[in-house]
Chemist: 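What follows is a structure written as structure tokens; I'll ask about it next.
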Amino acid sequence: MINHIPSYIQCPYFLTEDKIETMQCYRIFINAYNAAITRLNKEVKQYNNSFLAYIERNKRKQQAVVAQQEFEDIEVNGIQNKWLSTLEYNEQIEKTNGNKLLLKKQKHLPVRQAQLGTFEIIVWLYAQQLIKLRKQLQQLGSSVKVSFPKIQVTSTQVCNFTKNGEKRMLLKRDTIREHVHQLRKAGVFVQYQFKGKSLPVNNFINGVIFVFRDKRKGFTDNQQVKPFNNGKPLDFSVDTRTFTKEIIKKVGNVDNHSQKAEAFSYAAENSSKNKNSYKNTKEDKPQKNSNHNAGKLGGGENFPKNELSEYLRGQILYKTVFLNTLTEHHYDTYSFSASNMTRRLDTESIHGAMSKEEFRELLLQLFIKIAAPIWKGMNVYYGSWHTAYIQIDDEYLRNPNGSIPRKETLLYKFGFLVYRIGRAKRFFKSKKQYIIHFPCIYFDATRKQPSEGGFSYTAQWLKQYQKYQDLRATRKQQNAGKAGARRRQKTNEEKVRDQIKLFIKGTIALPQVYTYIETNKGIPNYFIAEVPRLLNLLTNKEFDLYD
């Protein structure tokens, strides 16, 4: 296997194990990048403060604007500065500035889990591009070699990508473009060339991430791609363990990354509840359409019934792999609100095609992902997560007799779990000195006392919250009653004002105004006393209401 980009190639192969290794390298790379962002941005802030001070001191604000525009359009080896990664861009800024600080550095932005789905599909499309190239080279002869090709993919291709006839990417093209630009800024994509929105983007995947093989060549003339840190001391002290050969052997031919989860969909192990119906395929069949529940769910997403269910099935990870991703801290920054799952789950619970067993498994894994940031920075072993998973599976989202409720009830109970774990996360964040138990201890259902520090105690927080919500609903009902009375009172006042206006116009006589006031008992007394004053103001005459 090759983990760098060669200058030329003869017979490229990108096998399933290469794909697994590439995705693992991607996670390691992104984890290291995100961990280094705080330090890098601190340096950027210090540099930009010096830049602002220099501009202010020398009064070169306009000159700085022009210099920045010119700098971004400069090409080096066919690559414009504005398409460099943030790290490379900032390095070029330092070289160009010298002692004259006319250029400002860019801030480093973190890479989120949402970008993983886009990267995975681009890798798959790139694999198809390499397959096509290999067939062409084989037809030309064994001695033919060509320059290693760049990725040529459009956002439309990613947006319309299908698997087994089902659309995999449920995002708009503009969102996909943003994902690609964020990956470029992080250094995942290198040598980036943009030639127009309707034309493919040309770039390589960073050599420290992309793994492939060439069956005919010894690679004696390889061109190394320098790592994204460019020699700067970033903290890469992350777990680099890969999946074991035994797991890969069980998994088989896998090409089914989900968008938010960071691993693959596998066939179930000794159980039918985790079965995933995806199979590896090289052809894109026409997308299946269903008019049932085809309304937009927001964010440009359009979920026919079968499509949504298949998408959510793709979020369920094989148990062993899920526990491995937890052990390797892949969900330390997971955010349920950012994952945009609320309306998807709600729609699936009512109209979806998933079984209640599958739906429950999905909710349990989402709950554990939400809880995972509590142990950020802690060395939690696989066994601890495994025990916690069993405890959660035994205790939550079940009926009292142990059976599984219907999907609407599962989602209702899941909402309570989300509140409880969210409250616990806020508590741990505010109590820095609090010692957090490992997951196998924290999710022990018998630890119900506050001094025991277990998740079970959060049920008391939930009861307090529900009691507050009940009181809030009562107050809201009482306030609505008072508001209704005020509205009726104001309406009666307006009707009296309308009668006075008719009198001023000469449409009715004054006794008719008095009669209206006497026969309508909903008029408040304080306003009746104000009627003579209103008449005096409008007619400049003295009136007594009952004179």
Side-chain angles (χ1 to χ4, degrees), residues 5 26 28-112 114-115 119 150 174-175 177-197 201-209 223-238 333:
I5 299 173
Y26 169 86
I28 294 170
F29 180 91
I30 293 303
N31 287 342
Y33 176 77
N34 286 339
I37 280 180
T38 301
R39 178 178 60 79
L40 292 173
N41 281 339
K42 186 177 180 181
E43 296 173 359
V44 169
K45 185 177 180 181
Q46 292 174 351
Y47 189 90
N48 287 343
N49 287 340
S50 301
F51 158 81
L52 293 173
Y54 179 85
I55 295 298
E56 186 69 24
R57 184 172 60 254
N58 296 282
K59 298 181 180 180
R60 297 199 175 181
K61 186 174 182 180
Q62 186 60 37
Q63 187 178 353
V65 172
V66 175
Q68 196 83 35
Q69 293 173 346
E70 293 177 348
F71 171 80
E72 292 190 350
D73 292 334
I74 294 174
E75 286 191 12
V76 179
N77 296 326
I79 309 298
Q80 288 183 308
N81 285 337
K82 62 182 176 183
W83 301 126
L84 295 174
S85 68
T86 304
L87 199 64
E88 292 173 330
Y89 182 91
N90 290 343
E91 288 176 354
Q92 285 296 110
I93 289 286
E94 286 189 14
K95 292 178 182 178
T96 306
N97 271 340
N99 296 326
K100 297 180 180 180
L101 303 183
L102 296 178
L103 301 173
K104 184 179 180 181
K105 286 188 176 182
Q106 289 181 347
K107 183 180 179 181
H108 292 266
L109 299 176
V111 177
R112 305 296 184 187
Q115 278 85 48
F119 176 75
K150 284 188 173 183
D174 290 344
T175 304
R177 289 193 190 104
E178 286 299 319
H179 287 183
V180 172
H181 286 310
Q182 184 56 47
L183 293 172
R184 169 184 58 79
K185 290 179 180 179
V188 174
F189 295 133
V190 296
Q191 300 185 37
Y192 184 95
Q193 289 179 310
F194 179 77
K195 299 180 180 180
K197 291 185 178 179
V201 169
N202 296 318
N203 57 261
F204 288 122
I205 298 174
N206 195 321
V208 299
I209 297 175
Q223 179 183 353
Q224 290 279 28
V225 176
K226 63 181 180 180
F228 88 96
N229 63 337
N230 199 22
K232 291 199 172 185
L234 291 182
D235 181 14
F236 280 87
S237 58
V238 295
T333 58

Chemist: Less than 4.5 Å apart, side chain to side chain, heavy atoms only: is that true for His179 and Arg112?
Modeler: no
Chemist: State the CD-CG distance between Glu178 and Leu183, to the nearest 0.5 angstrom.
Modeler: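 The distance works out to 11.0 Å.
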Chemist: Pair Ile55, Leu102 - check side chain to side chain contact (heavy atoms under 4.5 Å, CB included), show working.
Modeler: CA-CA 7 Å; Ile55 295 298; Leu102 296 178; 4.0 Å; yes
Chemist: Distance from Thr96 atom OG1 to Leu101 atom CG, nearest 0.5 Å?
Modeler: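 Those atoms lie 12.0 Å apart.
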Chemist: How close do Phe119 and Ile209 get, counting heavy atoms only, and between which atoms?
Modeler: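 Closest approach of Phe119 to Ile209, heavy atoms only: CZ-CG2, 4.0 Å.
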Chemist: If you look only at distance, which donor and acceptor atoms sit under 3.5 Å apart when one is on a side chain in residues 66-75 and the other is two or more places apart or in another chain?
Modeler:
residue : atom : partner : partner atom : Å
Gln68   : OE1  : Lys104  : N            : 3.0
Gln68   : NE2  : Tyr89   : OH           : 2.9
Gln68   : NE2  : Lys104  : O            : 3.4
Glu72   : OE2  : Tyr89   : OH           : 3.2

Chemist: Nearest 0.5 Å please: distance from the CZ atom of Arg184 over to the CZ atom of Arg177.
Modeler: 13.5 Å
Chemist: Step by step, work out the side chain to side chain contact (heavy atoms under 4.5 Å, CB included) result for Ile205 and Tyr26.
Modeler: CA-CA 10 Å; Ile205 298 174; Tyr26 169 86; over 6 Å; no
Chemist: Just jot down the side chain to side chain contact (heavy atoms under 4.5 Å, CB included) partners of His108, sequence neighbours excluded, or say none.
Modeler: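 If we apply the side chain to side chain contact (heavy atoms under 4.5 Å, CB included) test to His108, skipping adjacent residues, the hits are Tyr33, Ile37, Leu40, Asn41, Val44, Thr86, Leu87, Asn90.
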Chemist: Return the orientation label for the Tyr192 and His181 ring planes: parallel under 30°, perpendicular over 60°, tilted otherwise.
Modeler: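 Tilted, since the angle between the ring planes falls between 30° and 60°.
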Chemist: What's the separation between atom CD in Gln92 and atom NZ in Lys82, rounded to the nearest 0.5 Å?
Modeler: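 Going from CD on Gln92 over to NZ on Lys82, the span is 15.5 Å.
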Chemist: Identify whether the distance between the nearest side-chain nitrogen and carboxylate oxygen of Glu43 and Arg39 falls below 4.0 Å.
Modeler: yes
Chemist: What residue pairs, at least two apart or across chains, pass side chain to side chain donor-acceptor pair (under 3.5 Å) with a residue in residues 46-64?
Modeler: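 Found Tyr47-Asn97.
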Chemist: If every non-hydrogen atom of Phe29 is compared with every non-hydrogen atom of Val208, which pair is closest and at what distance?
Modeler: CD1-CG2, 3.6 Å
Chemist: How far does NZ of Lys45 sit from NZ of Lys105, to the nearest 0.5 angstrom?
Modeler: 15.0 Å
Chemist: Taking Lys185 for its side chain and Gln106 for its backbone only, find out whether a donor-acceptor pair lies under 3.5 Å.
Modeler: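 A pair under 3.5 Å: no.
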